[in-house]
Amino acid sequence: MAVGQRVRKKDAGALLSGKPVYVEDIAPRDCLCVKLMHSPHAHAMIEEIDTSRAEKLPGVACIVTYKDVPNVRFTQAGQTYPEFSPYDRLILDRHLRCVGDPVAIVAAQTEKQALAAIRLIKVKYTILPAVLDAREAKDNAVLIHPEDNWRALVDCGANNKRNLVAEGCDAEGDIEAELAACDVVIDREYSTLANQQTMMETFRAFTRLDTYGRLEIVSSTQVPFHVRRIIATALDIPKSRVRVVKPRIGGGFGAKQTAVCEQYPAIVTMKTGLPAKIVYTREESMTLSSPRHAMRLHVRLGAMKDGTIRAIDLHSLSNSGAYGEHGPTTVGLSGHKSIPVYTHNLKAFRFAWDVVYTNTMSAGAYRGYGATQGLFAVESAVNELAHALNMDPAKLREMNVVREGEKMPAYYGEMANSCNLGRCIERAKEMIGWDEKYPARAMANGHIRAVGMGLAMQGSGISGVDTGAVSIRLADGGTYNMTIGATDMGTGCDTILAQMAAQSLECSVDNIAVYGVDTDTSPYDCGSYASSTTYVTGMAVVKTCEVLRGKIVRAGAKLLGCDADDAIFEGDCVRCAKDERTVSLAEIANSNMMMNGEDISACESHGSPVSPPPFMAGCAEIDLDPLTGVVKVVDYAGVIDCGTVVNPNLARVQTEGGIMQGIGMALLEYPRMDETGRTVSNSLMQYKIPTRVDVGRVRVEFAPSYEPTGPFGAKSIGECVINTPSPAIADAVYNACGVRVRDLPITPEKVLLGMDE
Amino acid sequence: MMTVDFTLNGKRVSAMVEADDSLYKMLRGLGISSVKCGCETTNCGLCTVHMDGKAVLSCSVPAPRAAGHDIWTLEGMGRLAKALGDCLADEGAEQCGFCAPGLMMNVLALAKENPNATDEEADAYLAGNLCRCSGYMSQRRAVRRFLDGVVSGEWEKEEVQA
Amino acid sequence: MAIYQEYIMASTLDEAYALNQKKSAVIVAGNMWLRMCKMRKKTAIDLSALGLDKIEEREDAFVIGAMTTLRQLEKSEALNGAFGGVFEKALSPIVGTQFRNTATVGGSVYSRFGFSDVSTVLLAMGASMVLHKRGEVPLEVFQQEKPDRDILTHVVIPKGQRAGVASVRMSETDIPALVCAAAVRDGKMNIAVGARPARAVLAAKGVSPDLTAAELGEIAQNVMYGGNMRAGKAYRERVAPVLMARAAAACREV
């Protein structure tokens, strides 16, 4: 049995001995160093740019300005073509749309030379009025994308003449009538900010021309196949001329689902023929990257006195920033993955959205992808409802949450075929000691301890879109080589997919060699995002192994001289059922390499028409110092239903890590701009992610269901786990001191000054 | 350019550096891949190495200051580092692995300074090692097991698994 | 990033002083902050070969070399024994062990950082700075001056006092949003406030160690506060008396 085991990650040995396996470790030593000159203005037009003095500096190989790039708009979003994100970018543009927007690309032999050259570039800007507040963006007289060659490939309400990246509405039932009939309506506005993924390895890539004169991009990316298409489009060259390789990558969390940096060294290599490397500084990673979409969420939640939730009306205003990456799609999850949690008694819902351009850093994909924002709002509203009804919020939830077998109208009408959310709530309550601790207790030292709860769901891949393929071949001595296009970013998918293959092929995980990703040799996979890898690519593994087993059986039968129908696959051999003779897998593999006409390999692809949600319940226990407003999470209990747990170690670490990021979002992480639109939370000194002393303990358990459409019953886990802390902690704070914080993060300042009011 | 002579992982080495280079940059130039850079502001701990037996941030030590000193990186830490790596791997705690070498160097410093550290003391000691993947709990479990093994002498007795 | 052309390991203080008389020179202490400064200099002067990394105990005072690391202060049994563990309490939240193994007391104090926990504690304790040419200067005076071309060699902390510190931080290892230190000597208490966010100041000098909450509130009110990314003015005003009371209480506990 390989599925369900705590198998070590296949790359653990290399990672834990500091081996050179990341992009910067394997970049050629003579790479040009690529640096960007950034716009100091939030909105401006380049009138003149003079690079002549910079070009004369020793070591400078190439300076690229807007005059030197193809006039072909593209999107950096790593999404399946045709992308929902509008084609609104050039590699460099005369029109600068946010502070940090690249003005010039400089390549030199050393970093110092490149930085010196940037200081010598003279630019004359015409400063334009900037739109910094998302609430003022729609139909503003200032247009952020007035250009004629802006285009949206998919109709999602995008309109560049209105600063709109998307708008739309989804509804069922008569929302106004249902709300009017409710005994209580909670009508509130919540907001979340542009949190940074803050993976420890910043954005980076190197490029070179390979033996065949093609552009090879080695990138720290979650989406190698999308990067190939994006860069070919941006450079206006045939896709056949681009190859993308993903080595080990130092974390992604969605950040690297956007091709943030690859085009810069790519154009340098195309212009010079030389290898080129870009490594974003932490400051660049904090100011010109792909953070969470900041959203303002207006919720109207209607319920009867008995606690039945009848109607949910949600409007999400999402700030996509200067460009539209992931704008039209993230917003959808804010409603589609929050409202369905309360399907059980729901009579009507409406979910409407606006996604706008502003002159701020472009947003992107961050773990949770809109669901996090929507769940903060809806879960907080549910907590507020519980207080309004004077009910235990846990009990209120138990009454209203979706049950297995129910149809979820707000989730595209999908069925909840696997759902153990009730058990998640029950167990999370037990773990935290809810019944004893709710709502709050005064401590001897004057502090207050309180508890709060939040629920979450997510999807497992994008239904009807995501595609993953794997290829497995029987190799020398009866071993297997598996190539995948899914991108392990530390999450362990190389190992998890190998566990599934080992289970299907009845061998040890060590017998499966995994390789990924190289767009020249890996089978197509859209990449690792949208919680798709275990569920979607995992099914591809199952299918591939089925086909491969058939081929091995046929080859074995041939060697045994028996009928294929009588031959049985037994993992290490094929047995003839009639006379019990066997031929070992090694013999089959070896004979296959001598005078043979049939290759023993298989490559199958998988896509799913549904995206079964994992579910989760989280309970926070906080400690509040009422004299300073300082809040600490002393204990957090998370219980998740991710279907079958493929690797308990890795699933647990995913969950603990997601919860910790969620706690950071709730309490510490505070992305901020100054009045000119410059991001001032631009370093790990100014943007505080949790350290190991900020949180007492995080405890995780599983409440598995069995998902019939998933591999071995599995669903996803990666994203769902970030969603519960914000609403849970916000309610715990309310329970401790009566202050309701609706704008994240919950800072000591908001709490203490709130207590004074 | 100037020459810096120092001891790296027990061997005498010589490196050509610029006056404003950091120890981090010098080590990377010498092919030491375990040291990583995660910030520019001394917050992340990814570049941790040992200088004269103490864990320091190599990004902040001027390269010329290393002259005549004793520098150790994960590459040179041998058996104990291997044992610690096994403890982390058994928990799946390495995740993306990018912060692992810096963390390990600091855990090894802790093991020398206070092998009897409680979980709370260990966390305080390691607070300057950021990790964004793991949520720290698996690292806490792994460090506990490792320190217990240091105290009991387990890593001296047993042949550490490959 | 700090850029310089030459790096000189000074072999005497006089040499370091002479080199430092040019504006194109800069002293490198812990190099934590310096390396982040966008500046170009000709000469970097390293003081680490001058034996300035020792904590010496005199009859009336501790004399601490400018290149002593924060970690040495934090772990010094002599210092913490004499002052009730105030240095361990004040320094242990600063970033991490490796940071404190690298950062120096001289770098912290000389740079006159507003957010400095160290400066705030030293200010309350009536510490003085020893400058190579100028000699001993009270920190209270030094703290208000602009940096000049002299070299800080030692920090002197008078014995015979008890000290306490309290801070609020947005995360446990962050720089403080506000820090208060109190020190009691001969029945008189000093209170210093740092991270206002401006440079630390002495809020009270030689007051009674048993002030009431109302009296502390008044002292806190007379200090100027401002806003920055960590907190606004109103929040600092609100928590200053709380932290002062905690710091004062910590003195009593010792």
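Convention: sequence-line order gives letters A, B, ...; per-chain numbering from 1.
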| query | NZ of B:Lys54: more than 12 outside heavy atoms within 6.0 angstrom? | reply |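 No, because the 6.0 Å sphere around NZ of B:Lys54 holds 12 heavy atoms or fewer from other groups.
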Need one label for [X]: side chain, backbone, both or neither, based on atoms under 4.5 Å from any heavy atom in chain B.
| X | result |
| --- | --- |
| A:Met200 | both |
| A:Leu684 | both |
| A:Val698 | both |
| A:Arg697 | both |

Options [options], ranked by heavy-atom pairs under 4.5 Å with chain B, top entry:
| options | answer |
| --- | --- |
| A:Gly657, A:Ser17, A:Gly490, A:Gly664 | A:Gly490 |
| A:Thr281, A:Val695, A:Asn647 | A:Thr281 |
| A:Lys112, A:Lys19, A:Gln686 | A:Lys112 |
| A:Thr202, A:Thr491, A:Val7 | A:Thr491 |
| A:Val21, A:Leu650, A:Thr198 | A:Thr198 |

| Could you give the distance from CD1 (A:Ile689) to CG (B:Leu130), rounded to the nearest 0.5 Å? |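 Going from the CD1 atom of A:Ile689 to the CG atom of B:Leu130 covers 4.5 Å.
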| field | Spacing of NZ belonging to A:Lys9 relative to CD belonging to B:Gln95, to within rounding of 0.5 Å | value |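 A:Lys9 NZ to B:Gln95 CD: 5.5 Å, rounded to 0.5 Å.
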Among the options [options], pick out the one with the most heavy-atom pairs lying under 4.5 Å from chain A.
| options | answer |
| --- | --- |
| B:Cys44, B:Ala93, B:Gly97 | B:Gly97 |
| B:Thr42, B:Val35, B:Asn129 | B:Asn129 |
| B:Ala89, B:Ala100, B:Gly92 | B:Ala89 |

Under 4.5 Å between any side-chain heavy atoms of [X] and [Y], yes or no?
| X | Y | answer |
| --- | --- | --- |
| B:Arg140 | A:Arg692 | no |
| A:Val653 | B:Met137 | no |
| B:Arg141 | A:Arg652 | yes |
| A:Met660 | B:Arg132 | no |
| A:Arg282 | B:Thr41 | no |
| B:Glu18 | A:Thr110 | no |

Give the minimum heavy-atom separation between [X] and [Y], together with the two atoms involved.
| X | Y | value |
| --- | --- | --- |
| A:Gly251 | B:Cys96 | N-CB, 3.3 Å |
| A:Lys688 | B:Asn43 | NZ-ND2, 3.6 Å |
| B:Gly85 | A:Leu16 | O-CD1, 3.2 Å |
| B:Gly29 | A:Arg29 | O-NH2, 3.1 Å |

| request: Against chain A, label B:Leu46 side chain, backbone, both or neither, depending on which of its atoms sit under 4.5 Å from a heavy atom there. | output: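 Only the side chain of B:Leu46 comes within 4.5 Å of chain A.
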| field | chain A contact via B:Leu84 - which portion, at a heavy-atom distance below 4.5 Å | value |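 Neither part, no heavy atoms under 4.5 Å.
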Within the distance-only criterion (no hydrogens, no angle test), does the side chain of [X] pair as donor or acceptor with the backbone N or O of [Y] below 3.5 angstrom?
| X | Y | value |
| --- | --- | --- |
| B:Tyr136 | A:Pro690 | yes |
| A:Glu201 | B:Phe98 | no |
| B:Asp90 | A:Arg8 | no |
| B:Ser33 | A:Gly18 | yes |

| When only heavy atoms count and the cut-off is under 4.5 Å, which of residues 104-125 of chain B reach chain A? |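 Within residues 104-125 of chain B, the residues that come under 4.5 Å of chain A (heavy atoms only) are B:Met104, B:Asp123, B:Ala124.
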| said: Consider side-chain contact (heavy atoms from CB on, under 4.5 Å). Of B:Ser134, B:Cys133, B:Ser138, which one does A:Glu656 pass it with? | reply: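 In the set B:Ser134, B:Cys133, B:Ser138, the residue that makes a side-chain contact (heavy atoms from CB on, under 4.5 Å) with A:Glu656 is B:Ser138.
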